[in-house]
There are 2 protein chains.
Amino acid sequence: MPGSSDWRTYGPPDLDRVLTAALDLFARQGFHATSIRDIAAAANLSVPGLYHHYRSKQHVLVALVTAVLHDLLARSRAALASGESQDPLTRLDLLVECLLRFHMVRRDQAFVASAETRSLTGPDREPYVALRDQVQDLLEQAIREAGASGQVDVDDARDAARGVATLCVGVATWYRSDGPLAPEEIVRRQLALVHGMLHAAPRP
Amino acid sequence: MPGSSDWRTYGPPDLDRVLTAALDLFARQGFHATSIRDIAAAANLSVPGLYHHYRSKQHVLVALVTAVLHDLLARSRAALASGESQDPLTRLDLLVECLLRFHMVRRDQAFVASAETRSLTGPDREPYVALRDQVQDLLEQAIREAGASGQVDVDDARDAARGVATLCVGVATWYRSDGPLAPEEIVRRQLALVHGMLHAAPRP
């Protein structure tokens with residue numbers, strides 16, 4: 001998990017070999033089309049060896065999605081903490097930058113965590129929803145604080161937080177690491193859209 | 001296809017029984033996990049009967065996705081045409097309303113057209129991309145016209161169009177027909193976010 005200074009730094013994903021194999025298979029062909037046998041083969045394990053760690057394919061998905069969201073949540077908290085001594089809009093900007101970078105760098109993970117979570121049902125869905133809500137709450141809270149300081153002006157912080165999150169998540173659908181824009185420029189442009197959406201006061 | 005007055009009206013989807021069955025299966029379990037045999041059984045056809053109309057599962061997906069986008073494009077043009085005598089921002093608002101309603105009413109179709117099109121490769125992907133780009137172009141053009149009339153103020157109409165489209169598409173991920181907000185209220189709130197994002201001048 002990244003410390004408060006390195007939320008912008010991404011190494012290889014911190015996933016065990018089962019989850020690494022599952023991420024690749026779920027992203028390429030989907031959860032339902034992937035068998036436990038496929039995952040075991042890609043992870044270079046026997047099927048009983050895999051079952052020793054995960055008792056079902058559904059549990060592999062739960063473990064993968066919660067690992068992804070734990071990483072996003074830790075980075076989000078670190079981004080906010082890195083702006084601790086700054087004004088609320090600067091902290092909000094850091095959080096938005098963190099969400100944008102995550103959805104650029106971890107595209108496959110973001111895709112699986114949104115498209116394949118339709119396959120999570122019943123109690124298996126709960127940890128995913130709880131973590132997702134925590135990220136959303138951080139964003140809503142940051143918007144409320146920037147609103148209280150008069151730096152943004154929104155009718156409904158919850159609606160606004162959902163709109164901002166939608167923009168950040170959406171980047172994963174079109175960003176290409178070999179595309180024409182550097183991540184910094186994408187962050188700059190998306191922040192301009194976010195500031196408009198939130199009626200942010202111009203910077204002094 | 002809807003005429004210029006009825007882009008807000010939705011009947012049952014205008015899909016043949018093969019595409020209706022495929023939509024349901026692709027939305028619930030995904031393209032890769034669905035076999036031609038599954039689609040034929042759900043459509044109450046023999047496998048050779050299905051192959052008489054569609055030569056592969058990939059072609060079923062192409063036909064489904066292009067039907068969805070043709071519907072969206074026809075409704076989008078009708079929405080713009082219904083505001084023909086109005087100012088550019090009103091026309092833009094009608095187009096955004098049309099995109100929002102489509103993604104609320106046709107959630108499953110929207111989901112398949114975004115999540116499952118990763119499975120479209122090579123030349124089969126082209127009609128889908130061309131139609132998607134046409135919808136995006138309508139939005140970009142409407143933003144440019146509202147910019148030219150001084151009703152909105154954006155740095156880059158293309159970026160802005162992508163941001164607006166992302167918000168509209170995102171509604172499909174959280175809208176529930178039994179949720180607390182009526183579609184009209186959702187349209188009103190999302191339009192407020194869009195107006196912020198585009199720095200729209202306040203209405204007189």
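What you see is a predicted model, and the numbers here were worked out from it, not measured in a lab.
Contact annotation for Phe31(A): neither backbone nor side-chain heavy atoms come within less than 4.5 Å of a heavy atom of chain B. Looking at Glu116(A), only its side chain comes within 4.5 Å of chain B, counting heavy atoms on both sides. If you measure heavy-atom distances from Asp153(A) to chain B, you find no contacts under 4.5 Å at all. Looking at Ala27(A), only its backbone comes within 4.5 Å of chain B, counting heavy atoms on both sides.
Residue-environment remark: CD (Glu84(A)) stays at or below the threshold of 12 foreign heavy atoms within 6.0 Å.
Near-neighbour residues of residues 36-65 of chain A relative to chain B, defined by a heavy atom under 4.5 Å from a heavy atom of that chain, are none.
Minimum interatomic distance between His32(A) and Ala33(B) (heavy atoms only, all atoms of both residues): CB-CB, 3.1 Å. Listed here is the closest heavy atom pair of Asp159(A) and Leu193(B): O-CD1, 3.8 Å.
Among Thr173(A), Asp156(A), Thr166(A), Val154(A), the residue with the largest count of heavy-atom pairs under 4.5 Å with chain B is Thr166(A). Between chain A and the residues Arg28(B), Gln190(B), His195(B), the largest count of heavy-atom pairs under 4.5 Å involves Arg28(B).
Salt-bridge annotation for Asp155(A) and Arg189(B): absent, with no side-chain N of the basic residue lying under 4.0 Å from a carboxylate O of the acidic one.
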Evaluate side-chain contact (heavy atoms from CB on, under 4.5 Å) for Met197(A) paired with Leu167(B), printing each intermediate quantity in order. CA-CA 11 Å; Met197(A) 197 154 68; Leu167(B) 276 189; 3.9 Å; yes
